[in-house]
Protein chains: 2
Amino acid sequence: MNIYDIAELAGVSIATVSRVVNDSPLVSDKTKARVRKVMEENNYVPNVFARGLGLGTMKTIGIVCPDVSDAYMAKAVAYLEKNFREYGYDSILQCSGREYEDMRAAVANILNKKIDALFLIGSCYCVDGGDTAAADYVREAAKQVPVFVINGSISGDNIYCALCDDRETTAQAVRELIREGRRNILFLHHSDTFSARQKRSGYLSALAEAGIPENDNLLFHAREDIESVKQDLLAQCPPEVDGIFATNDRLAVGALKFARETGIRVPEELSIIGYDDSELAICCQPELTSIDSMGETLCRTSIDSMLRLLRGRKASPITYTKGTLRRRGTTRF
Amino acid sequence: MNIYDIAELAGVSIATVSRVVNDSPLVSDKTKARVRKVMEENNYVPNVFARGLGLGTMKTIGIVCPDVSDAYMAKAVAYLEKNFREYGYDSILQCSGREYEDMRAAVANILNKKIDALFLIGSCYCVDGGDTAAADYVREAAKQVPVFVINGSISGDNIYCALCDDRETTAQAVRELIREGRRNILFLHHSDTFSARQKRSGYLSALAEAGIPENDNLLFHAREDIESVKQDLLAQCPPEVDGIFATNDRLAVGALKFARETGIRVPEELSIIGYDDSELAICCQPELTSIDSMGETLCRTSIDSMLRLLRGRKASPITYTKGTLRRRGTTRF
DNA sequence: AAACTCTGTGTAAGTGCTTACATTTCACAA
DNA sequence: TTGTGAAATGTAAGCACTTACACAGAGTTT
């Protein structure tokens, strides 16, 4: 069942059918109704490929993230997919991992799909604050389609970033720990992404403000999964630590387990703050104080930017959102 | 830069270029090398639409699940996406929610994308054990492309299901609770999907085996999120309960929080078992005993079935996998 | 009544690829 | 030298749509 069949059944030319499909104002309402009826009766659906060939687009967005099985990204993907569907866009998903070559290949591949926009989730795509050659493949992509980076920042034409002001948000959280009387605050991180560096910078500046000297022993790198984090801390956590700022909730949970194992009381002797405010946070006992990095807000911002672009208007190349501290049981404030 | 340009630059016809792209044996190695060089020099990429038009396929699979932000589905999606990518397939994702009309629309929409196979994740697509009209839209879809149901069962031509034997797996877990001496075991569930019913059936049969009379008060329906589950239990949990079997980890965590709030000791006075063995399980204190429903194994099975079909071989219409109990701190065995 | 709009519809030329079929080329046997 | 068949390449007809341009017919204007 193709456009010719419909044209014949409706007694019009294929051009008219095409116009009806595209709801062109050039067709009279009477004809439109007739053609629509025939289309429905035969449940005709235009061939996407032919349509794509003619139009050069298929109303599809590409989403690339390092790993959808991560709760933060899964949420973002779900949000993007759901919202774009409402505007009639389909979503192609690609998980890229975090290796440079893989990310590059993922972006290159998804571009071939003639997507209308590319969404990158995560700060791993902007290896160095967005200004070294490392992110060049993203800038290259932006020559073809608008690129929206969620939770990362890359400078460049046709690139629109929405991110949580991790630096300031972290600084605020660390300031609260200091106000609690904590002096030996561990910065617990895993990867060395742009956002991790922003957080570290916020952490350091909060310490500096308070006149607390920097201490390299308090910049702690741990492995990724909860159990390993606990082990790493058991093996090497400096004894004087009385506060832990973790760059994600998983790390924070590992820290909590470490505390339990060593008998350190939380939050009496040790405060812990996580990041992302995932479901993990409320599973813990005590429940984890965590920073909501506003994933949905960032997605919403990106979507709005894209819609604005679609209407031929300008969008702001970078939008910062402040995170919000969700105070729970692992801190005293 | 299209096939004509390449043909001209390489001094061959477009047919030859096309053959080179498709690595046809009809082209001499010499010509192949020459054409390939030109393609690379101009980084030519065939147009997917034109290719799709000619071939009728674009090497794409469709994935439909109720909600990717659910950890279980996110994992499955990630696994499918990653593995199919290795075979050169792209993935289109669509979250359908759990409303009949939405699921139906989601499947219909994704079919228009000329996918090569459809993957449905979750038992919500098989409303009644797979044999009522409710799943007819899936059977309709199966007329167009092979359908693979992960963690659900639908009978029908060209439909291939991989699922955890929830009934027996649940029965085993409940038997262990009984062996622990529990007699008043709550069956804590949220939705009424096929898999939830299977679990209930396993629960009931384990009770029956042990000669424990059925008690409707012990079939407990709770809302979805952790906090609500706790509230629901606080409001209405029968006091005699000494064991809880929850149909997912989120419910189990809610149960654990309920126990803590009421001062019931776990596992001394109350045992709790969750389902899915998600990351939530190890965040808890005590850590949650949970059933690993083998999501990756199911995905692997589906992928293998699809590859077998691709090679023109037969695949088994239904594959059962037994879940595994991960014993942790919320039970005594 | 002729000239002129305007609206609605049709014609036909793309869009970039695949592939059945036709044709050329070439090695080798007769 | 010619003939033969296989291997390599080209030609052209799809594939299902969009859209610039052409044109017909109904009103309007003069």
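Numbered from 1 within each chain, the chains take letters A, B, ... in sequence-line order.
- For residues 43-56 of chain B, the pairs satisfying side chain to side chain donor-acceptor pair (under 3.5 Å) are B:Asn22-B:Arg51, with sequence neighbours left out.
- Atom NZ of A:Lys82 sits in a sparse spot, with 12 or fewer heavy atoms from other residues, nucleotides or ligands closer than 6.0 Å.
- Using a cut-off of 4.0 Å between Lys/Arg side-chain N and Asp/Glu carboxylate O, B:Arg300 and B:Asp304 are scored as salt-bridged.
- For A:Arg19, the side-chain hydrogen bond (donor to acceptor under 3.5 Å, both in side chains) test picks out no residue, with sequence neighbours left out.
- When the C1' atoms of four end pairs are superposed on the next four at each end of the helix from C:dA1-D:dT30 to C:dA30-D:dT1, using five pairs per end, the two resulting axes differ in direction by 60°, to 10°.
- Among the protein residues, B:Val17 comes within range of no part of the nucleic acid, since none of its heavy atoms lies under 4.0 Å from any strand.
- Boundaries of the chain A contact region on DNA chain C are C:dG8 to C:dG16, first to last in 5' to 3' order (nucleotide atom under 4.0 Å from a heavy atom).
- Classification of A:Asp23 and A:Arg36 as a salt-bridged pair holds, one side-chain N sitting under 4.0 Å from a carboxylate O.
- In this view, A:Glu224 and A:His190, A:Arg250 satisfy the side chain to side chain contact (heavy atoms under 4.5 Å, CB included) rule, not counting sequence neighbours.
- Separation of atoms OH (B:Tyr160) and CZ (B:Arg308) is listed at 10.5 Å; rounding is to 0.5 Å.
- Taking the salt bridge (Lys or Arg N to Asp or Glu O under 4.0 Å) definition, one finds that A:Glu140 meets it with A:Lys143, sequence neighbours left out.
- Put simply, B:Ser28 has a side-chain N or O that comes within less than 4.0 Å of OP1 or OP2 on D:dT9.
- In terms of the side chain to side chain contact (heavy atoms under 4.5 Å, CB included) criterion, residue partners of A:Val48 (sequence neighbours excluded) are, by chain and number, A:Met58, B:Lys113, B:Lys114.
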Identify all side-chain donor-acceptor contacts of residues 64-75 of chain A below 3.5 Å with residues at least two apart in sequence or on another chain.
from, atom 1, to, atom 2, distance (Å)
A:Asp67, OD1, A:Ser69, N, 2.9
A:Asp67, OD1, A:Ser69, OG, 2.8
A:Asp67, OD2, A:Ser69, OG, 3.0
A:Asp70, OD1, A:Tyr72, N, 2.9
A:Asp70, OD1, A:Met73, N, 3.4
A:Tyr72, OH, A:Asn151, ND2, 2.9

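- Distance, A:Asp23 CG to D:dT19 P: 13 Å, rounded to whole Å.
- Remark: A:Glu81 engages A:Arg85 in a side-chain hydrogen bond (donor to acceptor under 3.5 Å, both in side chains) (not counting sequence neighbours).
- One interatomic measurement links the two molecules: CG of A:Leu26 to C1' of D:dC23, which rounds to 14 Å at whole-angstrom precision.
- Not counting sequence neighbours, the partners of A:Ala196 by the side chain to side chain contact (heavy atoms under 4.5 Å, CB included) test are A:Thr193.
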Expected string for nucleotides 11-16 of chain D under the B/S/- scheme (protein heavy atoms, under 4.0 Å, primed atoms plus P, OP1, OP2 as sugar-phosphate) is B---BB
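- Using a 4.5 Å heavy-atom threshold, the side chains of B:Leu163 and B:Tyr320 count as touching.
- Sorted by residue number, the list of members of residues 30-40 of chain A with any non-hydrogen atom under 4.0 Å from DNA chain D is empty.
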